[in-house]
Asks: 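Just passing along the structure, written as structure tokens.
Computed from a prediction, not measured in an experiment: that's the story for all the values here.
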Amino acid sequence: MRVCLVSSIHPWINPRAVKEADWLVAHGYEVHLVTKRVHAWSDRPDESLLASKRWHATRVNLLRDDPEGRRRWLATALRAELAIRAFEWTGNRRLAEAGYYRGFAEVLDAAVQTCADLYIAHTQGALPIAAQAAARHGVPFAFDCEDLLAEEAADGLQRPRQRRAILEIERTYLPLASYVTATSQAMAAYLESHYALTKLFVVRNVFPLADLNGVPAPRQRASKATVELVWISAAIGAGRGLADAVRALAMLPDHVRLTLFGRMLPAYEEEFWSLVRELELGNRVSIQPVLDHAAIMPTLARFDAGLTLDLNNCLNRSLTIANKVYHYLQAGLALIATDTPGHHEALRRAPGAGVIVAAGDVQGLASALRNYVDHADDLLNAKEAAWCAGQTHDNWDRESDIFRSALETIAL
């Protein structure tokens with residue numbers, strides 16, 4: 001059986017698609033991923049990831065600074081801008097699709113050429129592509145809803161035209177999907193209430209146990225004189241609670257340090273470092289580059305507590321449970337999380353593995369961290385609880401059974 005996954009982002013920042021592709025290949029499916037290249041700095045991690053895979057990927061070149069992709073980049077950018085403006089005037093669904101997903105026609109062509117028995121869309125922009133490619137071949141399609149992009153500050157909420165386009169796409173295609181997967185019960189409840197979906201499955205952002213090969217359990221790790229805090233994401237930018245983390249760090253002893261892994265967004269760099277300089281924390285705050293997939297768990301295991309501090313002012317980030325949450329838990333870190341429905345859901349499944357703090361409450365964050373700093377046994381117990389949850393149920397080895405169940409609803 002042949003499965004085509006369709007995305008709108010680089011594979012290295014789409015671990016849900018990668019995990020699905022790996023699982024499908026391991027269970028005898030022929031798998032092809034279709035997406036696009038939009039950031040040159042993503043090529044190295046993409047190529048590192050894809051080199052070890054047994055499935056194939058087509059990445060349509062839309063790179064602005066690449067000789068091959070430059071003309072296509074300009075043409076697709078102009079088409080998308082004209083389409084989204086025309087959609088605003090007409091409400092035409094086809095214009096919404098072409099306006100929201102730059103390179104729609106090119107990626108659709110690549111998906112159609114990838115003849116498959118099932119198409120699975122990842123991200124809302126890819127949903128019409130998977131649906132239309134599936135219709136061309138007379139086969140079903142499904143959708144993995146990792147984010148509610150119409151309710152995301154970085155996408156729909158600050159761009160009204162895009163938000164309307166996303167909602168039009170969801171209204172049209174979600175009820176037609178053979179099944180839909182979501183990242184949390186909270187997100188699933190949202191989708192069910194808005195679109196009356198019946199084949200809806202929760203597949204959490206967990207990772208294979210093999211990613212932890214060679215990583216010792218918390219009680220077996222070497223002791224150290226410092227307490228190490230960590231935050232990880234593809235991009236480091238505003239609106240993620242990082243200023244709160246820095247201010248809380250200033251209230252803690254000197255042996256507590258903070259490391260951020262990710263690509264610093266230029267628009268946020270001066271604001272972030274100005275705050276670090278103002279609080280005289282330069283020797284206690286570190287920025288490190290994005291980690292290769294294979295290095296994530298071993299690297300995180302060197303830390304003590306993982307931070308996920310999104311403000312509760314964006315419905316998407318409130319309802320989802322981000323990759324970083326399960327990276328921390330599975331690596332055996334105490335979880336320090338803001339009071340979103342997604343974070344509450346994650347910690348209910350891992351009791352004792354961390355604490356919830358009010359979003360934007362720097363004093364509360366500092367107090368929660370100080371408890372772990374001052375009480376080493378509490379910190380170690382939280383790390384062990386996180387590790388135990390990851391080893392027993394919060395892992396892809398178990399969660400992939402739900403993905404299997406979703407596939408079994410389709411007669412392939």
Asks: Give a yes or no on whether R398 atom CZ has more than 12 heavy-atom contacts from other residues, nucleotides or ligands under 6.0 Å away.
Replies: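 Counting other residues, nucleotides and ligands, CZ of R398 stays at 12 neighbours or fewer.
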Asks: Sequence neighbours left out, what passes side-chain contact (heavy atoms from CB on, under 4.5 Å) with T226? Give chain and number order.
Replies: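 With neighbours one apart ignored, the set is K224, E228, R257.
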Asks: Can you tell me if CD on Q391 sees more than 12 non-hydrogen neighbours from other groups inside 6.0 Å?
Replies: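 It does: Q391 CD has more than 12 such atoms within range.
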Asks: Keeping R263 on the side-chain end and I236 on the backbone end, is there a donor-acceptor pair under 3.5 Å?
Replies: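 Not a single qualifying donor-acceptor pair exists.
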Asks: For R94, enumerate each residue passing the side-chain contact (heavy atoms from CB on, under 4.5 Å) test, keeping only those at least two apart in sequence or located in another chain.
Replies: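 Once residues adjacent in sequence are excluded, the partners of R94 under the side-chain contact (heavy atoms from CB on, under 4.5 Å) criterion are N92, E97, Q132, Y173.
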Asks: Under the salt bridge (Lys or Arg N to Asp or Glu O under 4.0 Å) test, which residues partner R44, sequence neighbours left out?
Replies: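 In terms of salt bridge (Lys or Arg N to Asp or Glu O under 4.0 Å), with neighbours along the sequence ignored, R44 is linked to D292.
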Asks: S286 and Q288: side-chain donor and acceptor closer than 3.5 Å?
Replies: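 There is such a pair (donor and acceptor under 3.5 Å, judged by atom type) between the side chains of S286 and Q288.
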Asks: Quick one: which residue pairs count as a salt bridge (Lys or Arg N to Asp or Glu O under 4.0 Å) with a foot in residues 10-20, not counting sequence neighbours?
Replies: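 Sorted pair list: R16-D144.
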Asks: Please tell me whether S318 and T340 have a donor and an acceptor in their side chains that are separated by less than 3.5 angstrom.
Replies: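 The answer is no; no qualifying pair exists.
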Asks: Are H10 and W12 near enough that their ring centres are under 6.0 Å apart?
Replies: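 Between H10 and W12, the centre distance exceeds or equals 6.0 Å.
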Asks: For the backbone of P140 and the side chain of Y119, can you confirm whether one donor and one acceptor N or O come within less than 3.5 Å of each other?
Replies: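 Checked: no pair found.
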Asks: What residue pairs, at least two apart or across chains, pass salt bridge (Lys or Arg N to Asp or Glu O under 4.0 Å) with a residue in residues 101-112?
Replies: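 Listed once each, the pairs are R79-E106.
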Asks: Just by distance, no angles: are the side chains of S7 and N14 close enough, under 3.5 Å, to form a donor-acceptor pair?
Replies: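 Yes, because at least one side-chain N or O of S7 sits under 3.5 Å from a partner of the opposite role on N14.
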Asks: Quick one: list whatever passes side-chain contact (heavy atoms from CB on, under 4.5 Å) with K53, sequence neighbours left out.
Replies: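 Only V18, D22, L49, W55 meet the side-chain contact (heavy atoms from CB on, under 4.5 Å) criterion with K53.
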Asks: Could I get the full list of side-chain hydrogen bond (donor to acceptor under 3.5 Å, both in side chains) partners for S274, not counting sequence neighbours?
Replies: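 Expected list: E270, R277.
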Asks: Determine which pairs satisfy side chain to side chain donor-acceptor pair (under 3.5 Å) with at least one residue from residues 231-252, sequence neighbours left out, and list them in order.
Replies: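 Qualifying pairs, neighbours excluded: R240-D310.
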Asks: For residues 371-383, tabulate all N or O donor-acceptor pairs below 3.5 Å that involve a side-chain atom, not counting sequence neighbours.
Replies:
| from | atom 1 | to | atom 2 | distance (Å) |
| --- | --- | --- | --- | --- |
| N371 | OD1 | H375 | ND1 | 3.2 |
| H375 | ND1 | N371 | O | 3.0 |
| N381 | OD1 | R219 | NH2 | 2.8 |
| N381 | ND2 | D377 | O | 3.2 |
| K383 | NZ | D304 | OD1 | 2.9 |

Asks: Regarding H343 and T308, do their side chains bring together a donor and an acceptor under 3.5 Å, going by distance alone?
Replies: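 There is such a pair between these side chains.
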Asks: Any donor and acceptor pair, going by atom type alone, linking the side chain of T35 with main-chain N or O of I9 inside 3.5 Å?
Replies: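 Such a contact is found between T35 side chain and I9 backbone.
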Asks: Only distances under 3.5 Å count here; give the side-chain donor-acceptor pairs of residues 151-160 to other protein atoms, sequence neighbours excluded, each with its distance to 0.1 Å.
Replies:
| from | atom 1 | to | atom 2 | distance (Å) |
| --- | --- | --- | --- | --- |
| E151 | OE1 | R163 | NH2 | 3.2 |
| E151 | OE2 | R163 | NH2 | 2.8 |
| E151 | OE2 | Y190 | OH | 3.1 |
| E152 | OE1 | N316 | ND2 | 2.7 |
| E152 | OE2 | A154 | N | 3.2 |
| E152 | OE2 | R317 | NE | 3.3 |
| E152 | OE2 | R317 | NH2 | 3.1 |
| D155 | OD2 | Y100 | OH | 2.8 |

Asks: I want to check something: taking the side chain as every heavy atom from C-beta on, are L127 and H122 in contact at a cut-off of under 4.5 Å?
Replies: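 Not in contact.
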Asks: Which residues pass the side-chain hydrogen bond (donor to acceptor under 3.5 Å, both in side chains) test with N313, sequence neighbours left out?
Replies: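 N313 satisfies side-chain hydrogen bond (donor to acceptor under 3.5 Å, both in side chains) with no other residue.
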Asks: Check side-chain contact (heavy atoms from CB on, under 4.5 Å) between E88 and all other residues, then give those that pass, not counting sequence neighbours.
Replies: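 With sequence neighbours excluded, E88 shows a side-chain contact (heavy atoms from CB on, under 4.5 Å) to R161, R164, given in chain and number order.
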Asks: Count the heavy atoms belonging to other residues, nucleotides or ligands that lie under 6.0 Å from CD of E81, then report whether that count exceeds 12.
Replies: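 Yes, the 6.0 Å shell around CD holds more than 12 heavy atoms from other groups.
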